[in-house]
Novice: 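For reference, the structure I am asking about is given below.
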Amino acid sequence: YIDLGDCNLDDIQFEITPYSLKGTYPEKSCKRPTIDISNSFHERYASTFELKVPSEHTIEGKQYDAEFYVSHVDNVDKSSNRDNLITRTSVMLDASKDSHSDYFEIFLEKWKGAAKATEKRCSKHTNGAYGRKGGRNLVQANNSTEEFIKDNG
């Protein structure tokens with residue numbers, strides 16, 4: 001069972017992390033989406049969602065172009081979360097040039113906005129760097145948002 005809740009995109013905090021594009025739902029300003037998964041015993045709120053490029057997991061040895069997953073932590077009925085376990089639902093994405101998702105494009109636009117805000121904040125640093133990954137700068141003040149997302153997922 002899935003309940004989509006009533007949060008809109010402006011309620012969600014979008015950010016660029018060193019390992020993913022991330023969205024965090026607020027705890028109180030809107031009703032977060034929920035899911036009730038077999039053997040979980042409780043309906044759980046969605047806490048965050050992330051896009052990882054390429055996929056973090058594989059199916060039968062195949063790694064996908066990207067993986068979109070939602071983490072569910074808090075129980076709706078406020079009961080104890082068995083051993084603080086996280087329930088995660090995941091969708092593997094194949095970036096075929098034959099397919100396009102208007103719905104997913106909305107999320108990408110929000111992450112582009114987060115990248116621009118990070119780029120602006122980073123341009124205040126003397127070396128232009130925000131962080132490092134594998135020996136390279138994650139954000140440089142002279143990179144465009146599109147280059148940043150392309151180069152860093």
Side-chain angles (χ1 to χ4, degrees), residues 2-37 40 42-59 62-76 81-96 99-125 127-153:
I2 297 175
D3 178 346
L4 297 178
D6 65 7
C7 295
N8 63 51
L9 289 175
D10 292 331
D11 295 322
I12 300 166
Q13 176 187 340
F14 286 83
E15 61 184 304
I16 308 294
T17 74
Y19 49 87
S20 70
L21 302 176
K22 182 177 180 181
T24 302
Y25 287 102
E27 290 189 27
K28 299 186 180 186
S29 63
C30 62
K31 182 178 182 272
R32 295 178 283 166
T34 63
I35 191 166
D36 191 356
I37 298 176
S40 173
H42 299 283
E43 184 178 11
R44 292 187 178 178
Y45 286 114
S47 300
T48 62
F49 55 85
E50 295 189 59
L51 177 68
K52 294 199 173 198
V53 178
S55 66
E56 183 175 52
H57 300 93
T58 62
I59 297 176
K62 178 181 169 135
Q63 185 171 39
Y64 288 79
D65 297 319
E67 181 175 355
F68 183 81
Y69 64 79
V70 181
S71 298
H72 309 269
V73 180
D74 309 318
N75 291 331
V76 171
N81 179 345
R82 298 181 326 180
D83 301 319
N84 294 315
L85 299 176
I86 296 173
T87 300
R88 224 178 233 170
T89 54
S90 184
V91 176
M92 300 299 194
L93 302 173
D94 183 2
S96 168
S99 66
H100 178 80
S101 170
D102 289 334
Y103 181 75
F104 200 68
E105 285 292 323
I106 295 169
F107 285 92
L108 291 176
E109 287 302 315
K110 288 291 190 176
W111 278 310
K112 283 181 183 179
K116 285 181 183 179
T118 300
E119 186 176 34
K120 183 177 179 182
R121 189 174 63 247
C122 293
S123 67
K124 295 176 184 174
H125 295 280
N127 68 355
Y130 178 68
R132 297 188 64 75
K133 178 180 180 183
R136 20 171 224 179
N137 291 334
L138 286 178
V139 178
Q140 292 182 341
N142 60 353
N143 280 4
S144 72
T145 301
E146 290 77 16
E147 288 172 341
F148 170 73
I149 291 174
K150 179 181 150 211
D151 292 342
N152 298 290

Novice: Can you tell if the side chain of Val73 reaches within under 4.5 Å of the side chain of Ser47, non-hydrogen atoms only?
Specialist: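 Touching, per the 4.5 Å side-chain cut-off.
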Novice: May I ask you to decide if Leu51's main-chain N or O and Trp111's side chain share a donor-acceptor pair within less than 3.5 Å?
Specialist: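 No: the side chain of Trp111 does not pair with the backbone of Leu51.
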Novice: Quick one, Glu56 and Tyr19 - any side-chain contact, counting heavy atoms below 4.5 Å?
Specialist: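 No, side chains not in contact.
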Novice: So, Glu67 versus Ser90: side-chain donor-acceptor pair below 3.5 Å or not?
Specialist: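 Yes, a side-chain donor-acceptor pair sits under 3.5 Å.
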Novice: For a 4.5 angstrom cut-off between non-hydrogen side-chain atoms, does Arg44 reach Thr34?
Specialist: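 Arg44 vs Thr34: side chains apart.
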Novice: Check Asp10 with Lys110, please: is the shortest side-chain N to carboxylate O separation under 4.0 Å?
Specialist: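 So Lys110 pairs with Asp10 through a salt bridge.
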Novice: How long is the gap from CZ on Arg88 to CD on Glu50, to the nearest 0.5 Å?
Specialist: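 The CD atom of Glu50 is 6.5 Å from CZ of Arg88, to the nearest 0.5 Å.
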Novice: Once you round to the nearest 0.5 Å, how far does CD of Glu27 lie from OH of Tyr45?
Specialist: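 One finds 10.0 Å between CD of Glu27 and OH of Tyr45.
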Novice: Under 4.0 Å between a Lys/Arg side-chain N and an Asp/Glu carboxylate O for Arg32 and Asp11?
Specialist: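 Salt bridge flag = no for Asp11 with Arg32.
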Novice: Please find the pair of heavy atoms, one from Ala66 and one from Val53, that lie closest to each other, and give the distance.
Specialist: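 The pair with the smallest heavy-atom distance is CB-CG2, 4.0 Å.
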Novice: Assess the pair Phe49 and Phe68: is the distance between their ring centroids shorter than 6.0 Å?
Specialist: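 Judged by ring-centre distance (under 6.0 Å), Phe49 and Phe68 do meet the cut-off.
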Novice: Measure from the side-chain N and O atoms of Asp6 to the backbone N and O of Lys31, and report whether any donor-acceptor pair falls under 3.5 Å.
Specialist: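 Yes, Asp6 side chain to Lys31 backbone: donor-acceptor pair under 3.5 Å.
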Novice: Quick one: CG on Leu9 to CD1 on Ile106, what's the gap to the nearest 0.5 Å?
Specialist: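 Answer for the CG-CD1 pair, Leu9 versus Ile106, is 6.5 Å.
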Novice: Going from OG on Ser71 to NZ on Lys22, what distance comes out if it is rounded to the nearest 0.5 angstrom?
Specialist: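 Going from OG on Ser71 over to NZ on Lys22, the span is 8.0 Å.
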Novice: Could you state the interatomic distance from OH (Tyr64) to CG (Leu93), rounded to the nearest 0.5 Å?
Specialist: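 Output value for this atom pair is 10.5 Å.
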Novice: Before giving the answer on side-chain contact (heavy atoms from CB on, under 4.5 Å), spell out for Ile16 and Leu21 the whole-Å C-alpha distance, their side-chain angles and the decisive distance to 0.1 Å.
Specialist: CA-CA 5 Å; Ile16 308 294; Leu21 302 176; 3.2 Å; yes
Novice: Would you say His57 and Met92 make side-chain contact, with heavy atoms under 4.5 Å?
Specialist: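 They are in contact (side-chain heavy atoms under 4.5 Å apart), so the answer is yes.
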Novice: Would you check, one step at a time, whether the test side-chain contact (heavy atoms from CB on, under 4.5 Å) holds for Tyr69 with Lys52?
Specialist: CA-CA 8 Å; Tyr69 64 79; Lys52 294 199 173 198; 3.2 Å; yes
Novice: Okay, side chain of Ser55, backbone of Thr58: is any donor-acceptor separation there less than 3.5 Å?
Specialist: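 Looks like no, no N/O pair under 3.5 Å.
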Novice: Hey, does the side chain of Asp3 reach the backbone of Pro33 with a donor-acceptor pair shorter than 3.5 angstrom?
Specialist: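 No, because the side chain of Asp3 does not come within donor-acceptor range (under 3.5 Å) of the backbone of Pro33.
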Novice: Rounded to the nearest 0.5 Å, how far does CD1 of Ile2 lie from CD1 of Ile35?
Specialist: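 One gets 4.5 Å once the value is rounded to the nearest 0.5 Å.
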